[in-house]
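Heads up, the thing below is written out as structure tokens.
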Amino acid sequence: SSAELYNLSENRELSPKTFLSMVSNFLYNRRFGPYFIEPVVAGLDPKTDEPFIASTDLIGCPMVTNDFVVAGTCLEQLYGMCETLYKPTCSLMNSSSASHKPAERSR
């Protein structure tokens with residue numbers, strides 16, 4: 001794969017930012033006959049261990065963010081839910097437990 005060739009030719013580990021660029025270029029080359037996907041790229045930078053999260057649309061336009069990314073068929077609903085539940089100081093354990101709680105109905 002392209003990621004393995006990168007590792008061999010550059011003699012270093014592929015960072016999530018570089019992988020996002022590879023995915024973006026791949027999708028952009030297919031823009032007139034696109035794959036109907038919205039990839040989400042998440043990972044840790046191999047040098048600094050900083051988290052990285054981003055997504056692309058179906059023609060490869062990247063969206064890099066520091067908080068959260070949503071993708072899929074119910075994008076609008078997910079975006080509203082993430083804006084409501086996301087807290088910048090929330091730990092990984094708290095955020096994963098919040099994703100398993102059912103939404104409460106307002107009466």
Side-chain angles (χ1 to χ4, degrees):
S1 77
S2 298
E4 291 170 352
L5 288 174
Y6 178 88
N7 289 343
L8 289 173
S9 66
E10 296 294 322
N11 218 11
R12 59 184 168 164
E13 195 171 336
L14 184 68
S15 73
K17 290 179 186 177
T18 306
F19 183 69
L20 176 67
S21 295
M22 291 172 73
V23 170
S24 179
N25 288 334
F26 177 76
L27 291 174
Y28 186 74
N29 287 333
R30 298 275 311 189
R31 66 189 175 276
F32 299 116
Y35 296 110
F36 293 101
I37 60 172
E38 294 179 19
V40 174
V41 176
L44 296 173
D45 187 272
K47 291 181 181 176
T48 62
D49 282 339
E50 289 184 20
F52 177 81
I53 187 164
S55 67
T56 69
D57 63 5
L58 66 141
I59 62 167
C61 180
M63 185 191 84
V64 179
T65 182
N66 292 329
D67 42 16
F68 58 85
V69 171
V70 294
T73 55
C74 53
L75 186 72
E76 292 83 13
Q77 292 85 358
L78 284 172
Y79 210 95
M81 182 67 86
C82 287
E83 283 180 331
T84 303
L85 296 176
Y86 177 75
K87 295 180 181 84
T89 58
C90 190
S91 70
L92 182 61
M93 291 303 291
N94 291 339
S95 63
S96 65
S97 65
S99 66
H100 297 295
K101 292 180 184 176
E104 295 180 17
R105 293 186 194 179
S106 59
R107 295 180 189 226

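The structure presented is a predicted model; accordingly, all values stated were derived computationally and were not measured.
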More than 12 heavy atoms of other groups within 6.0 Å of Glu4 CD: no

Could you note down all residue pairs passing ring-ring contact (aromatic ring centres under 6.0 Å, His included) where residues 28-65 supplies at least one of them, sequence neighbours left out? Phe26-Tyr35

Quick check: is Phe68 connected to Leu75 through a chain of hydrophobic side chains (ILVMFWY, heavy atoms under 4.5 Å apart)? yes

In terms of heavy-atom contacts, does CG of Asp49 have more than 12 from other residues, nucleotides or ligands at under 6.0 Å? yes

Distance-minimising heavy-atom pair for Pro51 and Leu44: CA-CD2, 3.7 Å

Given the rule that I, L, V, M, F, W and Y join up when any side-chain heavy atoms are under 4.5 Å apart, are Ile53 and Tyr86 in one cluster? no

Result block: side-chain N/O donor-acceptor pairs under 3.5 angstrom for residues 13-23, not counting sequence neighbours:
| from | atom 1 | to | atom 2 | distance (Å) |
| --- | --- | --- | --- | --- |
| Ser15 | OG | Thr18 | N | 3.2 |
| Ser15 | OG | Thr18 | OG1 | 2.9 |
| Ser21 | OG | Lys17 | O | 3.3 |

Heavy-atom closest pair, residues Leu27 and Pro39: CD1-CG, 3.8 Å

Value for CG (Asp57) from CD1 (Ile37), rounded to nearest 0.5 Å, stands at 10.5 Å

In this structure, would Val41 and Val64 fall into the same cluster of hydrophobic residues linked by side-chain contacts under 4.5 Å? yes

